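Notes follow the structure.
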Protein chains: 2
Amino acid sequence: MTRNAPIRRRSDCPLSIGLEIFGDKWTLLILRDLMLKKLQTFKQFQDSGESIATNVLSDRLERLQKQGIVTAARSSVDARVVTYHPTAKGLDLLPVLVEIVLWSARHEKTAAPPKLIEKMTRDKEGFIQELRGRFSVS
Amino acid sequence: MTRNAPIRRRSDCPLSIGLEIFGDKWTLLILRDLMLKKLQTFKQFQDSGESIATNVLSDRLERLQKQGIVTAARSSVDARVVTYHPTAKGLDLLPVLVEIVLWSARHEKTAAPPKLIEKMTRDKEGFIQELRGRFSVS
DNA sequence: CAGGATCCGTTTCGATACTG
DNA sequence: CAGTATCGAAACGGATCCTG
């Protein structure tokens, strides 16, 4: 137990990147669905384009909660439904998501919704602020 | 076998994100090392903090080349050494990397090099342009 | 010695079936 | 609708080998 420090200082400057989040395909897709597509429920994530397995979805949502990036709450309208929302920490991921989407739109030949891309490009900050407002963190 | 019928639900709004790149932990680390830490060789990547297995490193570098994000060339100085460089497509990833680093610096409790972070924050565009210049794509 | 390929035991992931 | 259990498939790490 007194096994001491791992000393992973092989190199100079860490420049850490949040691998828990960005290193995982599904996590990234969930965040996009949550913040850019404004999806909220388990089912909506499940049906959103790429088919994610339920256990994986469950697992990733749990991790995101543990990391304080999303919160879950039962819908006041329908008690069966759980709705997920981004926290402030989660909303801070918007710039990353926007840059990723912009890069993908430019370099991958996927059908991208041009209106949205154009808006992101023209007024990145405004676009992000608008989304932030929409989620009105308590 | 006959595992087809992927049910590709041509969903409403794709908003694609480059999963080949962003969904993978190691790829992301290599890109950071390449563009932000300015590492160039197989060995440097290998020794850079996180210990990546050689087979994995090899695999990711190959993928990145296939995607036109990095190029490989033998060093003119030492013929044994292969140096890797970002392409224009790769350099376009800089904004994403910067946003990821900034988010991580703010929300994860890792030792971040404050000078660099400060500069990124204060003059994001300038920082990116400076790096672009450093790689001088032919 | 640098870059990378290959083999292999182990861990992790994820597609289904199933349940509260 | 939201989430677990099962179990095969894939990825990983680590050692080793190969080629200039």
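Below, each value reflects all heavy atoms present in this structure, side chains not excepted, and no hydrogens, waters or symmetry copies. Quick caveat: nothing in here was measured; it's all calculated off a predicted structure. Throughout, a chain's letter reflects where its sequence line sits, starting with A, and its residues are numbered from 1.
- Between the side chains of Thr83(A) and His85(A), at least one donor N or O sits under 3.5 Å from an acceptor N or O.
- For the helix from dC1(C)-dG20(D) to dG20(C)-dC1(D), the terminal axes (five pairs an end, C1' atoms, rotation from four pairs onto the next four) enclose an angle of 30°, given to 10 degrees.
- Lys25(A) has its NZ atom 7 Å from the P atom of dG14(C), to the nearest Å.
- As a whole-Å value, the separation of Ile52(B) CD1 from dG4(C) P is 12 Å.
- If you check every strand for non-hydrogen atoms under 4.0 Å, Arg60(A) touches sugar and phosphate atoms only.
- Looking at residues two or more places apart in sequence or on another chain, you find no side-chain hydrogen bond (donor to acceptor under 3.5 Å, both in side chains) involving Gln129(A).
- Among the nucleotides dC1(C), dA15(C), dA11(D), the one closest to any side-chain atom of Arg80(B) is dC1(C).
- Atom pair Asp78(B):CG and dC1(C):P shows a separation of 13 Å (rounding to whole Å applied).
- Looking at residues two or more places apart in sequence or on another chain, you find no side-chain hydrogen bond (donor to acceptor under 3.5 Å, both in side chains) involving Glu20(A).
- Between Tyr84(B) and dG4(C), a side-chain N or O to OP1/OP2 separation shorter than 4.0 Å is present.
- The CG-C1' distance, from Asp24(B) to dA10(D), rounds to 13 Å in whole Å.
- Atom CD1 of Ile30(B) and atom P of dG4(C) are 11 Å apart (whole Å).
- Listed by chain and residue number, Asp59(A), Arg60(A), Gln67(A) satisfy the side-chain contact (heavy atoms from CB on, under 4.5 Å) test with Arg63(A) (two or more places apart in sequence, or in another chain).
- Judged by distance alone, with hydrogens and angles left aside, the side-chain atoms of Trp103(A) form a donor-acceptor pair with the main-chain N or O of Lys89(B) at under 3.5 Å.
- The side chain of Thr54(B) places no N or O atom within less than 4.0 Å of a non-bridging phosphate oxygen (OP1 or OP2) of dG4(C).
- Interatomic distance, Leu61(B) CG to Ile30(B) CD1, rounded to the nearest 0.5 Å: 4.5 Å.
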Show the atom names and distances, to 0.1 Å, of all donor-acceptor pairs under 3.5 Å that link a side chain in residues 38-45 of chain B to residues at least two apart or in another chain.
residue: Thr41(B); atom: OG1; partner: Gln44(B); partner atom: N; Å: 3.1
residue: Lys43(B); atom: NZ; partner: Asp47(B); partner atom: OD2; Å: 2.8
residue: Gln44(B); atom: OE1; partner: Gln40(B); partner atom: N; Å: 2.7
residue: Gln44(B); atom: OE1; partner: Thr41(B); partner atom: N; Å: 3.0

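- Partner of Glu99(B) under the side chain to side chain contact (heavy atoms under 4.5 Å, CB included) criterion, chosen from Val96(A), Leu94(A), Val98(A): Val96(A).
- Following rounding to the nearest Å, Leu61(A) (CG) and dC1(D) (P) show an atom-to-atom distance of 16 Å.
- With dG14(C), dG3(D), dG14(D) as the candidates, the nucleotide lying closest to the side chain of Trp26(A) is dG14(C).
- Rounded to an integer number of Å, the gap from Glu62(B) CD to dT6(C) C1' is 14 Å.
- Residues of residues 63-71 of chain B having a heavy atom closer than 4.0 Å to DNA chain D: none are found.
- Phe127(A) contributes atom CZ, which lies 4.5 Å from atom CG of Leu116(A) (distance to the nearest 0.5 angstrom).
- Within the nucleic acid shown, Val81(A) comes within 4.0 Å of sugar-phosphate atoms alone, with no base atom in reach, counting heavy atoms only.
- In this structure, CZ of Arg74(B) is placed 15 Å from P of dT19(D), rounded to the nearest angstrom.
- Counting non-hydrogen atoms under 4.0 angstrom, Phe45(B) reaches nothing in the nucleic acid.
- With dG3(D), dG3(C), dC12(D) as the candidates, the nucleotide lying closest to the side chain of Ser58(A) is dG3(D).
- Checking dT6(D), dG4(C), dA2(D) against every side-chain atom of Asn55(A), the shortest atom distance belongs to dT6(D).
- Between Phe135(B) and Leu34(B) the shortest heavy-atom distance is CZ-O, 3.4 Å.
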